[in-house]
Amino acid sequence: MEKNSKIYVAGHRGMVGSAIVRELQRQGYTHLVTRTHKELDLCRQDQVEKFFAEERPEYVFLAAAKVGGIVANQNALADFMYENMILEMNVIHAAWKNGCRKLEFLGSSCIYPREAPQPMKESYLLTSSLEKTNEAYALAKISGLKYCEFLNRQYGTDFISVMPTNLYGPNDNYHPEHSHVLPALIRRFHEAKEQQLEEVTCWGDGSPLREFLYVDDLAELCVFLMNHYSGNETVNAGTGKELTIAELTYLVAKIVGYSGKILWDTSRPNGTPRKLLDVSKTEQLGWRYHTELEDGIRLAYEDFLHNPMRAER
């Protein structure tokens, strides 16, 4: 990308999209195009095609998505599949149709099989069954990355995909029911501290292993890949490090300053037992993450404290 290239960031108000915008601006890119949901509904094909025909962006970061934690995924299976699939197909198709030079599609590590060997290589995609609690979202994301691959193979486009591990950081969603595990823990322990609760109950038994990547690190990788990677196979984005949900829970409690008792509700689902990405591809390309988890959680908690919308989201 040239510094004055026309770059469209879809989903610029979300955690990932806003981080990509910050990183592009930090690196001196000057011609960024964004649209709010009110200005452009990406689920409406007519609106998307009109936008691309008029703006004709040279590069596209597709970070827009309907996202949520385990509860949201289980309660709205049809919505998650339909909205994500329609949105991504509209944007990817319109980008190809209007001569976009390169598109980068953002997915999720939940695309990999539930029982995939660990750490998960990019080649493990579609080798066995998915995790049922987020199957709808995973199927939509798999469709998006495969559509990019098929356009490359049929029409010679340069469309790539990136599959991040669990993300956290500035502009996260702290909704009590619809957020992911780390922001949910930040909110729960903050409110418990404020209310001086003697105990907090967390879901599952704390045994699942998870990997976390600070969103600004992901944004740096996204810009790096746009400039340095082309290929049909997706690229894993992670740290290559993991910890149990129990270890994460106690770490968040320490950072937030909650000193009460932590209990576990084993009637609640654990989700996938382990989900560690093999990050050898990004390391071979010359990129590695920067932000260690404890430092990143401290930054995320600061964002939570200064996020005026946290109670409503």
Side-chain angles (χ1 to χ4, degrees), residues 16 62-63 65-74 77 80-81 84-85 88 104-150 152-153 159-168 180-182 203-215 217-218 221-222 225 229 231-248 268-285 287-289 293:
V16 174
L62 180 42
K66 180 179 177 65
V67 298
I70 194 169
V71 175
N73 272 278
Q74 284 183 311
L77 295 167
F80 269 81
M81 186 168 189
N84 281 297
M85 198 168 288
E88 66 201 26
E104 185 175 298
F105 173 66
L106 276 291
S108 165
S109 59
C110 72
I111 64 168
Y112 291 111
R114 173 184 169 84
E115 302 295 342
Q118 305 287 322
M120 298 182 291
K121 297 179 180 293
E122 289 86 352
S123 59
Y124 295 166
L125 181 64
L126 296 175
T127 54
S128 60
S129 300
L130 298 166
E131 160 64 33
K132 290 298 181 184
T133 56
N134 55 25
E135 183 180 26
Y137 183 72
L139 286 170
K141 288 298 183 180
I142 292 169
S143 297
L145 74 89
K146 281 295 180 181
Y147 188 44
C148 289
E149 175 190 337
F150 296 154
N152 290 346
R153 289 166 57 182
F159 290 4
I160 63 173
S161 62
V162 187
M163 296 299 126
T165 189
N166 299 284
L167 300 170
Y168 69 102
H180 290 100
V181 60
L182 204 159
W203 280 28
D205 60 14
S207 65
L209 289 157
R210 291 292 182 270
E211 173 186 21
F212 295 90
L213 179 66
Y214 191 61
V215 72
D217 288 358
L218 171 68
L221 173 61
C222 287
L225 292 173
Y229 177 74
N232 290 332
E233 189 175 64
T234 191
V235 179
N236 286 341
T239 64
K241 296 180 179 180
E242 62 186 347
L243 77 169
T244 66
I245 291 296
E247 290 172 324
L248 173 71
R268 299 289 190 168
N270 273 331
T272 306
R274 192 182 182 201
K275 203 169 68 166
L276 179 67
L277 292 180
D278 183 306
V279 295
S280 57
K281 181 182 284 190
T282 52
E283 291 179 346
Q284 289 166 8
L285 288 167
W287 185 89
R288 192 176 185 277
Y289 81 99
L293 183 59

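Any value given below was found using the heavy atoms of this structure, including those in side chains, with hydrogens, waters and symmetry copies removed. The first residue in the sequence is number 1, and the count goes up from there.
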Distance in Å, Glu104 CD paired with Tyr229 OH, rounded so as to fall on 0.5 Å steps = 10.5 Å
List the steps, then state whether side-chain contact (heavy atoms from CB on, under 4.5 Å) holds for Cys110 with Glu131.
-> CA-CA 8 Å; Cys110 72; Glu131 160 64 33; over 6 Å; no
Okay, side chain of Lys141, backbone of Leu106: is any donor-acceptor separation there less than 3.5 Å?
-> yes
Could you tell me whether the side chain of Phe212 reaches within less than 4.5 Å of the side chain of Lys241, counting heavy atoms only?
-> no
Under a 4.5 Å cut-off applied to non-hydrogen side-chain atoms, are Leu77 and Glu135 in contact?
-> no
Is there side-chain contact between Tyr168 and Val181, with at least one heavy-atom pair below 4.5 Å?
-> no
Give a yes or no answer on whether the side chain of Glu242 reaches the backbone of Lys275 with a donor-acceptor pair at less than 3.5 Å.
-> no
Check whether any side-chain heavy atom of Tyr289 lies under 4.5 Å from a side-chain heavy atom of Val279, and answer yes or no.
-> no
Heavy-atom distance under 4.5 Å between the side chains of Leu248 and Leu182, does that happen here?
-> yes
Is it true that Glu233 and Lys281 make a salt bridge, defined as a side-chain N closer than 4.0 Å to a carboxylate O?
-> yes
Got a second to check how far His180's NE2 is from Asn166's CG, nearest 0.5 Å?
-> 7.5 Å
Out of curiosity, Met120 CE to Thr127 OG1, how far, rounded to the nearest 0.5 Å?
-> 10.5 Å
Minimal heavy-atom distance between Leu276 and Arg274, with the atoms involved, is CD2-NH2, 3.8 Å
Atom of Tyr137, atom of Ser108 and distance for their closest heavy-atom approach | CE2-CB, 3.8 Å
Side-chain donor/acceptor of Thr234 to backbone N/O of Ser161, under 3.5 Å = yes
Can you tell me if Asn152 uses its side chain to pair, donor with acceptor, with the backbone of Phe159 under 3.5 Å?
-> yes
Side-chain heavy-atom pair Trp203, Ile245 within 4.5 angstrom cut-off | no
Between Ser109 and Leu277, what is the shortest heavy-atom contact and its length?
-> CB-CD2, 3.8 Å
Sidechain-backbone polar pair: Asn236 side chain, Asp278 backbone, donor-acceptor under 3.5 Å = yes
Find out whether Phe105 and Val162 are in side-chain contact, i.e. whether some heavy atom of one side chain is under 4.5 Å from a heavy atom of the other.
-> no
Does Leu126 reach the side chain of Lys146, with side-chain heavy atoms less than 4.5 Å apart?
-> yes
If only atom types and distance count, is the side chain of Glu211 paired as donor or acceptor with the main-chain N or O of Thr239 below 3.5 Å?
-> yes
Main-chain N/O of Asp205 paired to Asn270 side chain as donor or acceptor, under 3.5 Å = yes
For Leu221 against Ala237, the heavy-atom pair lying closest together | CD2-CB, 3.4 Å
How far apart are the closest heavy atoms of Val16 and Ala63, and which atoms are they?
-> CG1-CB, 3.9 Å
Got a second to check how far Ser207's OG is from Leu209's CG, nearest 0.5 Å?
-> 7.5 Å
Of all heavy-atom pairs between Asn232 and Glu149, which one has the smallest distance, and what is that distance?
-> CB-CG, 3.7 Å
Criterion side-chain contact (heavy atoms from CB on, under 4.5 Å) on Trp287 and Asp217, from CA distance to verdict | CA-CA 10 Å; Trp287 185 89; Asp217 288 358; 4.2 Å; yes
With no hydrogens and no angle check, is any side-chain donor or acceptor of Gln118 less than 3.5 Å from a backbone partner on Ala116?
-> yes
Report the distance from atom CE of Met85 to atom OG of Ser143, rounding to the nearest 0.5 Å.
-> 3.5 Å
Between Ile160 and Val235, is a side-chain contact (heavy atoms from CB on, under 4.5 Å) present by the stated rule, with each step listed?
-> CA-CA 8 Å; Ile160 63 173; Val235 179; over 6 Å; no
